[in-house]
Amino acid sequence: MEEKLGQEPSNLIKIVLFGPESTGKTTLAAQLAEHYHTEWVPEYAREYLQDKWDREQKTCEPKDLVPIAYGQMELENHLAKTANKVLICDTDLLETKVYSEAYYTGTCDPILEKYALKNSYDLYLLTYIDTPWVADDLRDKPDERERMYSYFKESLEKYHRNFIILKGDKAARLKKATEHIDKLLQNMIALSPKDLEQLDSKGISKEKVARQIETFKEGIPFVKLKKAAVVGNGILRFSDKEQNDLIQYFEDHRGTLDLLKFVPASGAASRMFKAMFNFLDSFDPAKESLSEYIGRTGDKDAQNFVNQMDNFPFYELIMERIKGKVGNKDEEAYLFVKEMLVEDGLNYGFYPKGLLPFHKYDSGSATPFEEHLKEAVLYAKTSGKANLHFTVSEQHDEMFAEEESKVAPKISKLTDTEFDITYSNQKPSTDTVAVDLDNQPFKNGDGSILFRPGGHGALIENLNDQDADIIFIKNIDNVVIDKNLEQVANSKKMLAGVLTKVQDKAFGYAKLLDTDEVSAAKADEIKGFLEKDLNVRMPKNYDDLDVDEQLSILKDRLNRPIRICGMVKNEGEPGGGPFWIEDSDGNVSLQIIESAQIDMNDPEQEAILKNSTHFNPVDLVCGVRNYRGEKYNLLDYVDERQGFITGKTQEGKELKALELPGLWNGGMAYWNTLFVEVPLVTFNPVKTVNDLLKPSHQA
């Protein structure tokens with residue numbers, strides 16, 4: 001039955017009339033259908049509830065909401081088959097969700113909520129309460145229209161729906177609505193039945209493709225930096241005593257918390273070996289010596305690699321495999337690299353980073369996968385159990401399962417820990433459409449639309465599928481040798497202490513706000529907490545708003561996921577930096593920004609970038625539940641305008657590709673954010689194979 005709440009694929013532009021009862025929605029729906037010579041979907045609830053009233057003299061009850069939702073979607077899918085380009089919907093499941101929360105249970109049936117958020121529409125027409133109240137058998141709350149209007153508007157904003165507000169008489173409303181719908185029709189994408197089948201098979205909506213194409217047309221603007229976040233203004237620095245207190249605070253609460261370590265581990269290590277692949281292509285020991293090659297090419301990467309080959313954790317393994325094949329030292333270097341990379345050798349270029357030998361110990365080599373298990377024991381373990389989740393490429397599923405079967409029992413025995421390890425792959429529904437230079441969907445040779453992986457930002461979907469009180473996030477290649485484990489673990493526990501402490505306070509205030517018994521003094525106290533402890537900046541017109549509007553803003557800002565980001569001093573490594581930025585609406589917030597998002601031709605912006613003192617080592621501790629223990633839908637807190645557009649080629653033709661907002665950049669743009677200085681020992685990424693030669697990776 002659940003699938004009956006979903007939308008059937010169509011190439012229609014779908015418009016929803018949205019708002020409180022008796023605000024002219026049905027009248028306007030009929031007008032729009034007549035204007036565009038198309039169908040309009042009546043509100044099934046009226047038919048259902050009128051029948052109930054006639055039979056039982058009862059109005060709507062919570063048990064009626066799911067049957068109403070089934071009837072509404074059956075009606076919509078039926079009328080979509082005969083509609084002409086545009087389908088006008090007198091309501092949708094999001095409106096049913098709003099009524100469920102506002103009038104009845106205070107919550108929403110999980111199945112209804114799932115499809116209320118999943119089903120997509122091109123435009124919502126939010127009808128204002130400047131129409132006269134007209135009573136009937138079903139309308140029963142004439143005094144609730146103002147409160148309900150605010151609730152409807154907040155829902156559209158919360159779920160980032162495209163909407164306009166309609167005010168005035170019938171003619172004014174119709175004129176404004178048609179202006180916006182006409183614009184949608186002008187930008188309408190022509191998708192064939194075959195295209196729609198392809199979208200449906202990937203779980204990608206037509207509306208999502210249309211939004212992405214609109215992004216290509218409009219371009220992605222640079223972010224506006226206000227100033228760099230520094231210690232004392234955006235970045236917290238704690239004394240040794242304060243750090244110990246925070247660690248203890250986490251330890252005191254740890255036993256009652258669900259903990260999870262989330263490790264992005266997708267993709268092959270081919271980029272890690274890029275320089276060495278070039279070396280194989282360019283050097284022939286039969287034609288020149290290694291020194292001649294270095295002199296000719298200036299290949300310092302190859303020179304460093306060869307000079308310190310014996311320090312790699314896989315040195316003995318490869319030397320054993322090429323034994324007896326080597327004529328001289330130059331040939332040895334060539335054969336070593338070849339055995340490391342080629343398909344009939346170790347094939348490390350195909351391996352995922354997480355399964356490569358990174359560290360060499362007396363007992364043998366260790367992969368990042370194994371090192372992450374060791375770390376999890378120290379800070380992500382409760383009641384003898386550590387939970388870990390790895391995002392992996394589908395082609396590497398079996399390889400990770402094999403590695404787990406080898407190392408997990410060993411670490412489990414050594415540390416007296418039970419491991420619960422799960423995996424996920426990047427979802428096809430997060431792929432993004434590619435376009436040609438005219439911003440039309442790029443077609444492959446077989447006529448299908450070209451979709452490309454959405455990049456690192458797509459993993460917000462994988463993270464959203466996880467649920468815990470605290471989620472530790474750390475990249476697969478950012479691991480440490482055994483002697484640094486304790487220091488790194490203490491840093492993580494310190495960040496978890498910051499989260500636990502600030503979250504406890506936020507939960508108390510959020511619970512209080514839900515009682516609707518907040519004095520002016522208490523509201524000011526909550527505002528001060530948000531500004532001082534959570535770095536939240538209020539809208540510029542906050543002081544001019546009435547009390548209810550201010551409390552609504554405080555609720556919205558408090559009830560958000562929280563991320564604590566470890567920041568290290570910038571010593572020349574690549575990585576996003578912490579900045580105060582201002583969005584197009586004038587709202588200021590703390591964000592992690594990549595240099596590609598900054599207009600380097602603007603001297604003022606470039607100067608702010610140069611003033612940055614820290615950068616983000618992707619060391620995050622996250623709170624993703626509200627005070628009731630309910631998990632936030634993390635997809636509601638993404639800023640889609642922080643993606644990237646890049647130029648590519650396919651089959652010899654130029655195209656444009658869209659990369660989704662980075663997981664900890666735009667993917668978490670609307671989270672509450674704290675930056676905390678952490679020691680450099682916590683940051684040990686391996687971007688190239690030569691990074692394994694750094695002291696931090698030499699056991």
Side-chain angles (χ1 to χ4, degrees), residues 222-243 246 473-475 477-478 480 484 487-488 490-499 502 531-537 562-583 587-622 639 642 661-669 671-687 691 694-696:
F222 291 114
V223 299
K224 182 180 179 182
L225 304 181
K226 291 288 288 181
K227 53 190 168 186
V230 296
V231 172
N233 189 4
I235 299 178
L236 298 169
R237 175 187 287 162
F238 296 110
S239 67
D240 290 344
K241 182 183 183 306
E242 288 171 328
Q243 290 184 48
L246 287 165
I473 303 181
K474 196 174 189 188
N475 267 347
D477 63 336
N478 187 17
V480 295
N484 293 332
Q487 192 175 359
V488 167
N490 282 338
S491 177
K492 279 285 196 182
K493 288 190 280 189
M494 182 265 291
L495 295 178
V498 174
L499 173 64
V502 76
E531 292 175 332
K532 182 177 180 294
D533 291 43
L534 282 176
N535 295 308
V536 172
R537 295 297 176 262
I562 301 174
R563 56 175 176 160
I564 313 298
C565 309
M567 294 286 154
V568 298
K569 290 181 180 177
N570 195 336
E571 296 191 359
E573 294 283 354
F579 294 92
W580 293 97
I581 74 162
E582 182 178 348
D583 67 17
N587 298 312
V588 176
S589 62
L590 268 183
Q591 301 290 342
I592 298 165
I593 301 297
E594 303 287 345
S595 57
Q597 297 175 267
I598 302 168
D599 184 1
M600 301 303 288
N601 293 320
D602 184 329
E604 183 180 341
Q605 293 291 289
E606 186 182 17
I608 294 173
L609 174 64
K610 288 180 178 177
N611 285 333
S612 178
T613 56
H614 291 68
F615 75 102
N616 174 47
V618 192
D619 202 13
L620 278 73
V621 182
C622 303
D639 183 354
Q642 286 194 40
L663 181 57
W664 14 82
N665 304 97
M668 293 179 169
W671 292 44
N672 284 333
T673 299
L674 279 79
F675 294 145
V676 179
E677 186 177 80
V678 293
L680 193 58
V681 70
T682 62
F683 186 54
N684 306 279
V686 177
K687 302 305 180 188
D691 286 335
K694 293 179 178 179
S696 58

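Each residue takes its place number in the sequence, starting with 1.
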Open item on the list: A side-chain contact here means heavy atoms from C-beta on lying under 4.5 Å apart; do M668 and L620 qualify?
Closed with: yes

For K241, the side chain to side chain contact (heavy atoms under 4.5 Å, CB included) test, sequence neighbours excluded, returns S239, D245

Go through F683 and D619 one step at a time and tell me if the side-chain contact (heavy atoms from CB on, under 4.5 Å) criterion holds. CA-CA 8 Å; F683 186 54; D619 202 13; over 6 Å; no

So CG of L236 and CG of L495: to nearest 0.5 Å the spacing works out to 10.5 Å

Separation between CG (L609) and CE (M600), nearest 0.5 Å, reads 5.0 Å

Smallest heavy-atom separation, N535 atom then W580 atom, equals O-CZ3, 3.8 Å

For E582, the side-chain hydrogen bond (donor to acceptor under 3.5 Å, both in side chains) test, sequence neighbours excluded, returns K226

Are the side chains of C565 and T673 in contact, using a 4.5 Å heavy-atom criterion? yes

Closest non-hydrogen contact found for A228 with I608 is N-CG2, 3.6 Å

Residues passing the side-chain hydrogen bond (donor to acceptor under 3.5 Å, both in side chains) test with S589, sequence neighbours excluded, are Q591

- Flag the pair V488 / K474 as yes when at least one side-chain heavy-atom distance between them is below 4.5 Å, and no otherwise. yes

Taken in chain and number order and not counting sequence neighbours, the residues that satisfy side chain to side chain contact (heavy atoms under 4.5 Å, CB included) with P661 are V638, Q642

Worksheet entry | Side-chain donor or acceptor of Q597 paired with backbone N/O of E594 under 3.5 Å | yes

Salt bridge (Lys or Arg N to Asp or Glu O under 4.0 Å) pairs touching residues 595-606, sequence neighbours excluded, are E606-K610

Heavy-atom closest pair (F579 atom, S612 atom, distance to 0.1 Å) is CZ-CB, 3.8 Å

Crowding at CG, N233 (>12 non-hydrogen neighbours, <6.0 Å):
yes

Across all chains, not counting sequence neighbours, the side chain to side chain contact (heavy atoms under 4.5 Å, CB included) partners of I235 are A229, V231, P578, H614, F675, E677

Shortest non-hydrogen pair, A669 vs D639, comes out as CB-CB, 3.5 Å

Applying side-chain hydrogen bond (donor to acceptor under 3.5 Å, both in side chains) to N601 and not counting sequence neighbours gives none

Across all chains, not counting sequence neighbours, the side-chain hydrogen bond (donor to acceptor under 3.5 Å, both in side chains) partners of D477 are K353

Residues passing the side chain to side chain contact (heavy atoms under 4.5 Å, CB included) test with N684, sequence neighbours excluded, are N478, V480, S696, H697

* Note, V678 side chain near M494 side chain (heavy atom, < 4.5 Å) -> yes

K569 and R237 have their tightest heavy-atom pair at CE-NH2, 3.9 Å

Between the OG atom in S595 and the CZ atom in F615, the distance rounded to the nearest 0.5 Å is 12.5 Å

Ignoring hydrogens and angles, tell me if any N or O in the side chain of N665 forms a donor-acceptor pair with the backbone of I592 under 3.5 Å. yes

Looking only at heavy atoms, the pair that brings Q605 and V223 closest together is OE1-O, 3.5 Å

Per side-chain contact (heavy atoms from CB on, under 4.5 Å), L674 is matched among L499, L590, L534 by L534

